[in-house]
Amino acid sequence: MISPQNVAERLRTRILDLHLPPSTPLREMALAEEYGCSRRTVREALQLLDREGLLTVVRHRGAAVREFSPEDVRDLYLVRRRLEEWGAAACGSATIEQLAEVDHAFRYLSDVAMDNQDTAEHALADMRFHATVTALAGSPRLDHFFSSVAMEMTLLIRVLHRDEVRTAIPPDHVIADHRRIRDALIERDPLRAQQAVLDHIASNEARMVYLGGAPGR
Amino acid sequence: MGDVQDIPLQRQSTTEAVADTIMRMIISGLPHAGEPLRESSLATRLGISRNSVREGIRLLERSRPAKYEIHRGSVVKTPTLEDLGDLSRTRLHLELLAAQVVPTPEESERIWSAFAQREAASTSQVVESVVAADLALHQAIVALLRSERLTEFFTQISEELRFYFTVLSFDDDEHLTSENPIVEQHHEIVDAICGGRWDDAVRLLRGHIDQNFHRLQEIIVTQSSHSVPLE
């Protein structure tokens, strides 16, 4: 029998693939039929996705794929700026293992960006790279908080990547941005790393605002 | 601290009263950290139903002192220095970032009013009110980050701080009688933040939070020396 986790996993993939673009309604009955499970299972799956910030749930009207308001976009970028600056500032005292994680995540991100720019995998790799930057702060509480906003950030990143493909921004341009962050961190240069992080986020946020803060349109 | 059985149950709701009593028991070292909280023995000890005990424990679990472990029921959580260190660093970082923001008149008003309530609570000499007002003031400061998600993050941290602050108040006999210097510290911090003197605000807040951390650290070390070793 299919579990709520299974249903959530499949829906998450479709949402991050943008096969179900933002604001697409998700109807319990139709999904139950499609996955051959009970409405209850679908409801639980939708609750899981809602907690990850991938849905908008309106009472009496049901769930839809998350559409970000300009305030959401602003807040998510503000959170990222605060968290990653925090991590970058700590690169001087980070362990070799922590820096190796950053490097590993960067290499993986570069590979995926070159081969599969317009995919959920790329967005996830991007988010994971930024998670390793935040992890440099060495705080379990901070990591836990990052994971609580990771999925909605991934969806936002995904929408940006789609736009980069549309406007023919080459992947090596995107990789260069991340390499600047990675290099400064590996060289344990906190000021340069913080600047690289802030520049990266500022240029992304500007593009996101230009997109109207309403992804998928 | 007297025998826990002597502490009368006289709080707003039964559940809160039970939670408080269990918390006092934990703080006085009974049951020891890492030991399961047995519903039946607690119920007998406190002369209340198992149901009330269960609800009290559930309330405690939402903050720190008890945590649920499969097959063992609720277990008293060991406050470790490492965990306290992470908690303190996290709040310090968030609050210092917030202290560098120049507040709008509305934000200033909110912070001053939170301070007024903190001051009023200190004259009440009720531990729970002091702790609640203290956290509300620090939350008003963190709200300066103007981020819904970071505010929510600090709210979660506050729940954990609530436990440690309560421990501090129970353990420190002089805590409530020495409220004046703490209120004065808060006054200086609020004055610096609302006056836009962010360098003073950062210095004062850092001093305040460091002092708090060292006091809690001392208590944990003292407690663990006569109960269980730190993890």
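In what follows, every chain begins at residue 1, and chains take the letters A, B, ... in the order their sequences are listed. Values in this document were obtained by computation on a predicted structure and should not be read as measured data.
Between A/L142 and B/F153 the shortest side-chain heavy-atom distance falls below 4.5 Å.
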Worked verdict on B/R146 versus A/E71 for salt bridge (Lys or Arg N to Asp or Glu O under 4.0 Å): CA-CA 11 Å; B/R146 295 165 196 157; A/E71 292 76 43; over 6 Å; no
Worked verdict on B/D83 versus A/R141 for side-chain contact (heavy atoms from CB on, under 4.5 Å): CA-CA 9 Å; B/D83 184 62; A/R141 276 177 185 76; 2.9 Å; yes
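Pairing each heavy atom of A/G138 with each of B/D86, the nearest pair is O-OD1, 4.5 Å.
Here OG1 of B/T90 is found 5.0 Å from CH2 of A/W86. Values are rounded to the nearest 0.5 Å. B/Q156 CD to A/F145 CZ: the interatomic distance, rounded to the nearest 0.5 Å, is 7.5 Å. To the nearest 0.5 Å, atom CG of residue A/D75 and atom CD of residue B/E148 are 5.5 Å apart. To the nearest 0.5 Å, the span separating OG on B/S147 from CG on A/L78 amounts to 5.0 Å.
Among the candidates A/R82, A/R74, A/H144, the residue making the largest number of heavy-atom pairs closer than 4.5 Å to chain B is A/R82.
Heavy atoms of other residues, nucleotides or ligands lying less than 6.0 angstrom from CZ of A/R40 number 12 at most. Counted within 6.0 Å of CH2 on B/W198, heavy atoms from surrounding residues, nucleotides or ligands total 12 or fewer; the atom is thus considered open. Open room surrounds CD on B/E109; 12 or fewer heavy atoms of other groups in view lie less than 6.0 Å from it.
Contact annotation for A/E85: neither backbone nor side-chain heavy atoms come within less than 4.5 Å of a heavy atom of chain B.
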